[in-house]
Amino acid sequence: MNSELAIILIACLTSVACAIPGVFLVLRKMALISDAISHSILPGIVIGFFITEDLASPWLILLAAFSGIITVVLVEAIQKTGLVKEDTAIGLVFPALFSIGVLLIAIYASDIHLDADAVLVGRLEYAAFDQLMIGNESYGPKSMWTISTTLLITLALLFAFYKELKLSTFDIGLSSALGFSPVLMHYGLMSIASVTTVVSFDAVGAILVVALMIAPAAAAYLLTTDLNKMILLSVLFGIVSAVGGYYFAVWLDASISGSITTVLGLIFLLVYLFAPSKGLIAVLFRQKRQRIEVSLLTFLLHLNNHDSEEERRVGHLQEHINWGKVRSQTVLDLAEKNNMINVQNQVVFLTKKGLEFTEKALDYIITNKDEKIEDMKNDFFLFRG
Amino acid sequence: MGEKIAVAVDDLTVAYNYKPVLWDIDLSIPEGVLMAIVGPNGAGKSTLIKAILGIINPIAGSVSIYGKPYNKQRDKVAYVPQKGSVDWDFPTTALDVVMMGTYGALGWIKRPGAKQKKQALEALEKVGMLAFKGRQISQLSGGQQQRIFLARALVQHAAIYFMDEPFQGVDATTEIAIINILKELRKAGKTVIVVHHDLQTVPEYFDWVTFLNVKHIATGPVKDIFNDDNLTKTYGINYKVAVQK
């Protein structure tokens, strides 16, 4: 296999393997835990490396993943004392474990493959060259084997326990009452996240692996209201950033893992700006529409309250409700477009539809019952809660 | 009302960080009642339900459902948690949430299929929410969300229903709709146990009541024990409610 293809493949497998547990970490509001795990597996990796002298050894992977689980247990234990909050507990635990790892490297491992740089940002460029040799045969890069094995296990577990994961993430109480132990699901997810972090570590490092877990899920969350689609989108974003990141790095002649993360950041930024309903632009547009709709309602109420022609002249409305010309015109246009008013000789009349709309809206505002206005929600943002 | 005891709680004590929240509770709930659990904030009402359902481990005591431990009787019990206990921004639809009620009967690994979907749709219709089945749950009003939770409990086809404040943050129409469904359940011989806040509506909605304030104060028919004496014992102040007899 040529090395370019091998690197891209490893990057894609890593992104996908990270994106899947990432979705559940984001939904469980545990994004920070992935940061903690990614740092505190370091002492596990170093000790494992002393014992096995092989970064791709399954024993090293399990040992390091175990130190990830220890992190979670320690964070929860500190939190349970009630003396500090969760974020403080996380901030106490992972630097302590990480620093032990850094010291171990500095003291005992300064002349080997592990160094602080590689730990932080990974060595995707070299991962492709570390081949799995059995006898004299080469079976492709080691990390490709470890990552694809992890990904297969993750997919198998996701497929088997999808409904249990969904339930325990959404409603921990019902999950427990129905006999699907939330504790078991929690530690299962933490174990998968830890193992994935360990096998991704060599390729992308402790800091970037967090981005691979969190960014695809965060972007997908803004785009869909369906868990299946959220997982699929996260996987897609992972692959796009892996492939895109590789060519971006080649073009810039820079670190591949850095480029992948940059592409992920750009994807998130684009989604954040342009997501159809939760994106920034959509939100701003909606707020503007809501302001206009509130004005429209105010205007219709005014018409409803006043019978005399004097009160309903276009010019009078402008001074009386105290709006500028532009705003008055926007509101008048919107009302006319919806056939709620007609204007005859500069005097405004409520149509039957306008009257009905006003009464329903008024009823909603007073009673806060929204059964009757269901059909209005499609045309007006104002009533969508 | 049958003679059978649906739920029996013996010497139950629950503590958070060594501070007792429920202290030595003895309680038996007969089959077929519609019962309110009332008490001030922090009285341990939700905790009692959670301890009965094994969500919280008690430090002492035991619970039985029709004479057996809860974990052998899960299929007989449905649970509606407090609405505020879940994240309504979770990416899922009303129908999907109701389907979650079928997970218990399915057991581990098995996926819900056409049969479960049909049950969920029937439950949605029963609570008047069929038109909203595809809607993302954050786009529902508070009352609608509570109806979805009720529908999710209905698909469990249980004998006993535990509900944690089902009337919290719902409009009057929904409150009436919910209580009518609960009364129907009782008519069908089910036992319904509700953590309830509004003392004024107790006589109108329920036929059985438990007074709770860390300790168990009284349990019995509303017409016999819902009086100022028990209210005063429970709330610690001289309580007067206008009870229409």
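So that the names make sense, note that chain A is the first sequence line, chain B the second, and so on, each numbered from 1. Computed over heavy atoms, backbone and side chain alike; hydrogens, waters and symmetry mates excluded.
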Q: Go through the side-chain N and O atoms of B:Thr174 and B:Gln146 and say whether any donor and acceptor fall under 3.5 Å apart.
A: no
(Q) I need the B:Gln82 CD to B:Phe149 CZ distance, nearest 0.5 Å. (A) 10.5 Å
Q) For B:Tyr70, is it the side chain, the backbone, both, or neither that has a heavy atom closer than 4.5 Å to a heavy atom of chain A? A) side chain
Q) Just by distance, do the side chain of B:Gln139 and the backbone of B:Gln136 share a donor-acceptor pair under 3.5 Å? A) no
Q: Return the option, out of B:Asp96, B:Ile52, B:Val77, with the maximum number of heavy-atom pairs under 4.5 Å with chain A.
A: B:Asp96
(Q) Checking B:Val127 against B:Ile148 for the side-chain contact (heavy atoms from CB on, under 4.5 Å) test, could you report, in this order, the C-alpha distance in whole Å, the side-chain angles of both residues, the deciding distance, and whether it holds? (A) CA-CA 8 Å; B:Val127 299; B:Ile148 292 298; 5.7 Å; no
Q) Cationic tip of B:Arg111 within the cone over A:Phe159's six-membered ring, i.e. under 6.0 Å and within 45° of the normal? A) yes
Q) Checking A:Ser175 against chain B: side chain, backbone, both or neither under 4.5 Å from a heavy atom? A) neither
Q: Can you tell which part of A:Lys166 gets under 4.5 Å to a heavy atom of chain B, answering side chain, backbone, both or neither?
A: both
Q. Out of B:Ala131, B:Gly107, B:Pro112, which one racks up the most heavy-atom pairs below 4.5 Å with chain A?
A. B:Gly107
Q) Quick one: do the B:His197 and B:Glu165 side chains pair a donor with an acceptor below 3.5 Å? A) yes
Q. Who among B:Val80, B:Asp89, B:Asn71 has the most heavy-atom pairs with chain A under 4.5 Å?
A. B:Asp89
Q. Does B:Glu122 pair with B:Lys126 as a salt bridge, N-O distance under 4.0 Å?
A. no
Q. Taking every heavy-atom pair that is under 4.5 Å apart, which of A:Tyr221, A:Phe161, A:Phe170 has the most such pairs with chain B?
A. A:Phe170
(Q) Using a 4.5 angstrom heavy-atom cutoff, name the option from A:Thr169, A:Asp171, A:Leu27 with the most pairs to chain B. (A) A:Asp171
Q) Is it the side chain or the backbone of B:Ile137 that comes within 4.5 Å of chain A heavy atoms, both, or neither? A) side chain
